[in-house]
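Report on the following structure.
On a predicted model such as this, the values are computed, not experimentally measured, just so you know.
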Amino acid sequence: MKESHMVVTLVRHHWLPLKRRSISGSVTWLSTDGMTVVSPGQLPVGARVNLTISAAEHELKNIPAQIVRAEPGAQGSRYSLRFHKQRLLQHDGDITLRLLGYLASQNMYSG
């Protein structure tokens with residue numbers, strides 16, 4: 001697998017402003033269904049987040065997702081996220097899904 005050239009910023013949703021936080025990490029796997037991210041930050045399983053994915057030529061913003069798994073590791077936590085396609089499709093999500101598919105295939109993240 002190629003080394004990640006994509007970074008992602010996760011912004012947590014929470015009704016209490018003190019619990020809203022933002023972390024950044026590296027994308028290790030990407031598909032139109034979800035992604036895996038390695039980050040030194042800490043967020044709980046089940047947290048709803050909005051993502052910004054930055055690649056060399058593209059930036060995708062406000063992608064709704066949920067953390068479905070978190071595993072501690074030597075370089076930080078590894079998070080598995082599932083995209084909320086219903087919420088994404090309500091706001092020009094078809095284009096975003098196509099770009100996610102393109103980025104996954106071009107960068108061999110869907111391995």
Side-chain angles (χ1 to χ4, degrees):
M1 181 184 292
K2 283 172 73 173
E3 184 177 324
S4 176
H5 296 289
M6 281 192 252
V7 294
V8 64
T9 301
L10 293 80
V11 179
R12 182 181 182 194
H13 293 269
H14 201 279
W15 64 270
L16 183 61
L18 293 173
K19 295 223 177 202
R20 293 180 201 150
R21 62 176 63 124
S22 173
I23 65 170
S24 295
S26 298
V27 177
T28 59
W29 180 81
L30 175 65
S31 77
T32 56
D33 293 321
M35 67 189 320
T36 303
V37 175
V38 175
S39 173
Q42 294 185 349
L43 290 174
V45 172
R48 289 180 32 218
V49 295
N50 271 359
L51 309 172
T52 297
I53 301 172
S54 300
E57 298 175 359
H58 301 283
E59 184 171 82
L60 302 175
K61 295 182 177 185
N62 294 321
I63 301 170
Q66 184 170 15
I67 297 173
V68 295
R69 185 177 182 148
E71 300 171 341
Q75 298 176 349
S77 296
R78 185 172 79 177
Y79 296 101
S80 297
L81 296 105
R82 179 179 54 227
F83 299 134
H84 282 271
K85 289 186 179 181
Q86 293 287 10
R87 289 181 23 215
L88 188 59
L89 290 172
Q90 292 173 354
H91 302 86
D92 74 353
D94 186 48
I95 294 168
T96 302
L97 287 174
R98 284 191 225 171
L99 278 171
L100 286 170
Y102 170 78
L103 290 174
S105 67
Q106 291 298 309
N107 293 295
M108 299 188 322
Y109 287 103
S110 57

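- A continuous path of ILVMFWY side-chain contacts below 4.5 Å connects L99 to V37, so both sit in one hydrophobic cluster.
- Side-chain contact check for V49 versus L43: some heavy-atom pair is nearer than 4.5 Å.
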Could you go step by step and tell me if R20 and H13 meet the side chain to side chain contact (heavy atoms under 4.5 Å, CB included) rule? CA-CA 6 Å; R20 293 180 201 150; H13 293 269; over 6 Å; no

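- Of all the heavy atoms in S80 and T36, the pair that sits closest is OG-OG1, 4.1 Å.
- Using a 4.5 Å cut-off on side-chain heavy atoms (C-beta onward), K61 and I53 make no contact.
- At a threshold of 4.5 Å between non-hydrogen side-chain atoms, the residues L103 and L30 count as touching.
- Side chains of L51 and T9 form no contact here, defined as non-hydrogen atoms less than 4.5 Å apart.
- Listed for the S26 side chain is no donor-acceptor partner under 3.5 Å among the backbone atoms of V38.
- Minimum heavy-atom separation, S31 to W29: OG-CH2, 3.4 Å.
- Put simply, the side chain of R48 does not reach to within 4.5 Å of the side chain of R12, judged on heavy atoms.
- To the nearest 0.5 angstrom, R78 atom CZ is 7.0 Å from R69 atom CZ.
- T32 is listed as a side-chain neighbour of K85, based on a closest heavy-atom distance under 4.5 Å.
- A continuous path of hydrophobic side-chain contacts links L10 to L60 [ILVMFWY only; heavy atoms under 4.5 Å].
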key: side chain to side chain contact (heavy atoms under 4.5 Å, CB included) assessment of H58 paired with Y102   = CA-CA 11 Å; H58 301 283; Y102 170 78; 3.7 Å; yes

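- Side-chain atoms of S77 do not come within 3.5 Å of backbone N or O of S39 as any donor-acceptor pair.
- Residue Q42 comes nearest to I23 through the heavy atom pair N-CG2, 4.2 Å, listed as atom of the first residue, atom of the second, then distance.
- Residue M6 is grouped with residue I95 when hydrophobic side chains (ILVMFWY) are merged at heavy-atom distances under 4.5 angstrom, including chains of intermediate members.
- A pairwise comparison of heavy atoms in L81 and A65 identifies CD2-CB, 4.2 Å as the closest pair.
- Between atom CG of residue L100 and atom CE of residue M35 there is a gap of 8.0 Å, rounded to the nearest 0.5 Å.
- Looking only at side-chain heavy atoms (C-beta outward), F83 and I63 come within less than 4.5 Å of each other.
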